[in-house]
Amino acid sequence: MREIQAVAVTAAVARLAEEANYEMSPDVLVALTRAHDVEKSSLGREMLEMIIENVHQAMSHRKPLCQDCGVAVVFVDVGQEVHVTGGDLETAIVDGVRKGYGEGYLRKSMVACPFTERTNTGDNTPPVIHYRVVPGDEIKISLMAKGSGAENMSRLYMLKPAEGRGGVIEAAVRAVEEAGGKPCPPLIIGIGIGGTAEAAMLLAKRSLLRKVGKPSPEADAAALEREILEKVNRLGIGPLGLGGSVTAMAVHIESMPCHIASLPVAVNLQCHSARHKEAVL
Amino acid sequence: MNEWRRIRLPMPAQTIAELKAGDRVLLSGTIYAARDAAHKRFIEALDRGESLPIDLATAVIYYMGPSPARPRQIIGSCGPTTSARMDKYTPRLIEGGLRVMMGKGERSPQVAEAIKQHGAVYLATIGGAGALLSLRVKSAEVVAYHDLGAEAVLKLEVEHFPAVVAIDAQGSDQFKIGQARYRSK
């Protein structure tokens, strides 16, 4: 049994929170540059120029890419041959979020009692954590800083199986159309198909961890991704909703089997500031 | 056509009347950051017949809650938040004298109507570009509702702060115009 110190988990999570908020991943920057190159609206191109300039300014001034430093969504793959010592894993992750958001001058946006006082917890905890137990003796941690402008536009559609592939496309396009400029397009569209209501939502969110624009390894899903991307970009929403030919930079689909009576389709929108980093301990 | 128009704040009534949806503007002067919780308190104060901590008639309200500033920084990242969350409160503030708002994303038909009726203007600035926008802020101080933390009302002095006219005083809406132009079904 390999041992990993809880303090090492805390340090890793804190570092990921800071890095994710300050440094745009190269794949996102490439996608933004490409969006700028193909955008037909001159206003849209001007918006994209400033979005790209923002990436450089955030890096050089050590300021978060976006003032909404998000909910810390933490995906943890725990090897079954690992033993966390010196504390429990969950506390270590929560401590890491507290440390990273505090020391990194990141905005704390979490409120306790969502339907009553909505008092800020002051340290951006608790994070939302998704665990998976996997073979091996490592812990892989991916931290996503998920802003609420885009998250608020999430949709779950429990389609009838008869609606099929066409229904999935229609649902995805409708979600993006209803969101308009609110989630800060150009978007990355995460779609989870199958499973149950909550499984589809989690698939949609996990799909956002994929490198932007990397197609699904499954041919059918990859074809669906291309088709939805093309349809979404015909909506005309454009950068920040002010009109243009690039509403989305990529569509990522993850799917899994489901019940004979079900066809869940979850859509989780990601703004252009797609922030996530991972570490393996 | 694509030139950026420089505007000194408070925005003169004539300027508000001249601006057209899609125009690019650079604002210099004082703006006030206020978002959900501050708006709720504005409305509660108006309900009680109290005066507001800002003068609505000359104010630019910017829907924003910044990230914390590092030592020796004026402000952290300070991009716009989704304006639609303020839609419930906005018509009342426009009736109370507010003429200039800034945020991101579409507004409700009720807000668009109030803008048209009272000759106001809604500006959209660049969502997700908080680091870039922070460089246009020359000073920042909390002026009301300190207890709200990231949601307190801030007085900001800005220079050449970029925005696009999203809904003009005639009610023209750049979101509708721009999206219709590039829509192809």
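Quick caveat, the model's predicted, so the values are computed rather than measured. A note on names: the letters A, B, ... follow the listed sequences, proteins ahead of strands, and every chain is numbered from 1.
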Response to the item:
Turns out that what part of B/P80 lies under 4.5 Å from chain A's heavy atoms comes down to backbone
Worksheet entry | B/E151, part contacting chain A, at a heavy-atom distance under 4.5 Å | neither
Practice prompt. Before accepting this row, confirm whether a basic side-chain N of the pair A/E177/B/R183 lies closer than 4.0 Å to the acidic partner's carboxylate O.
Written response: yes
Leading residue by heavy atom contact count with chain A [cutoff under 4.5 Å; candidates [options]]:
{"options": "B/T81, B/D173, B/T82", "result": "B/T82"}
{"options": "B/A69, B/A124, B/A37", "result": "B/A69"}
{"options": "B/P68, B/G130, B/A166, B/A180", "result": "B/P68"}
{"options": "B/G105, B/A84, B/G65", "result": "B/G65"}

Looking at [X], I'd like to know if its [atom1] atom is crowded, meaning that more than 12 non-hydrogen atoms belonging to other residues, nucleotides or ligands lie closer than 6.0 Å.
{"X": "B/Q14", "atom1": "CD", "result": "no"}
{"X": "B/R6", "atom1": "CZ", "result": "no"}
{"X": "A/K40", "atom1": "NZ", "result": "no"}
{"X": "A/R34", "atom1": "CZ", "result": "no"}
{"X": "A/K211", "atom1": "NZ", "result": "no"}

Discussion item. Here's a test for you: under side-chain contact (heavy atoms from CB on, under 4.5 Å), which of B/S67, B/S77, B/P71 qualifies with A/Y105?
Written reply: B/P71
Item to complete: Against chain B, label A/R62 side chain, backbone, both or neither, depending on which of its atoms sit under 4.5 Å from a heavy atom there.
Response: both
Worksheet entry | Side chain / backbone / both / neither for A/Y101 at chain B, heavy atoms under 4.5 Å | neither
Worksheet item: Would A/K63 and B/S134 count as having a side-chain donor-acceptor pair, cut-off 3.5 Å?
Response: yes
Worksheet item: Do you know which two heavy atoms are closest between A/Q67 and B/G79, and how far apart they sit?
Response: OE1-N, 2.6 Å
Could you tell me whether the side chain of [Y] reaches within less than 4.5 Å of the side chain of [X], counting heavy atoms only?
{"X": "A/H61", "Y": "B/L135", "value": "yes"}
{"X": "B/E106", "Y": "A/K182", "value": "yes"}
{"X": "B/I126", "Y": "A/N54", "value": "no"}
{"X": "A/L43", "Y": "B/V164", "value": "yes"}
{"X": "A/H56", "Y": "B/L132", "value": "no"}

Look at [options] and state which one has the largest set of heavy-atom pairs under 4.5 Å with chain B.
{"options": "A/N120, A/T119, A/I51, A/L106", "result": "A/L106"}
{"options": "A/S273, A/G241, A/C66", "result": "A/G241"}
{"options": "A/S148, A/C184, A/P185, A/S245", "result": "A/C184"}
{"options": "A/G122, A/S41, A/A58", "result": "A/S41"}
{"options": "A/R118, A/E53, A/M50, A/R107", "result": "A/R107"}

Worksheet, complete the sentence: So SG of A/C271 and NZ of B/K104: to nearest 0.5 Å the spacing works out to 7.5 Å
Worksheet item: For A/L242, does its backbone N or O pair with a side-chain atom of B/Q174 as donor and acceptor, under 3.5 Å?
Response: yes
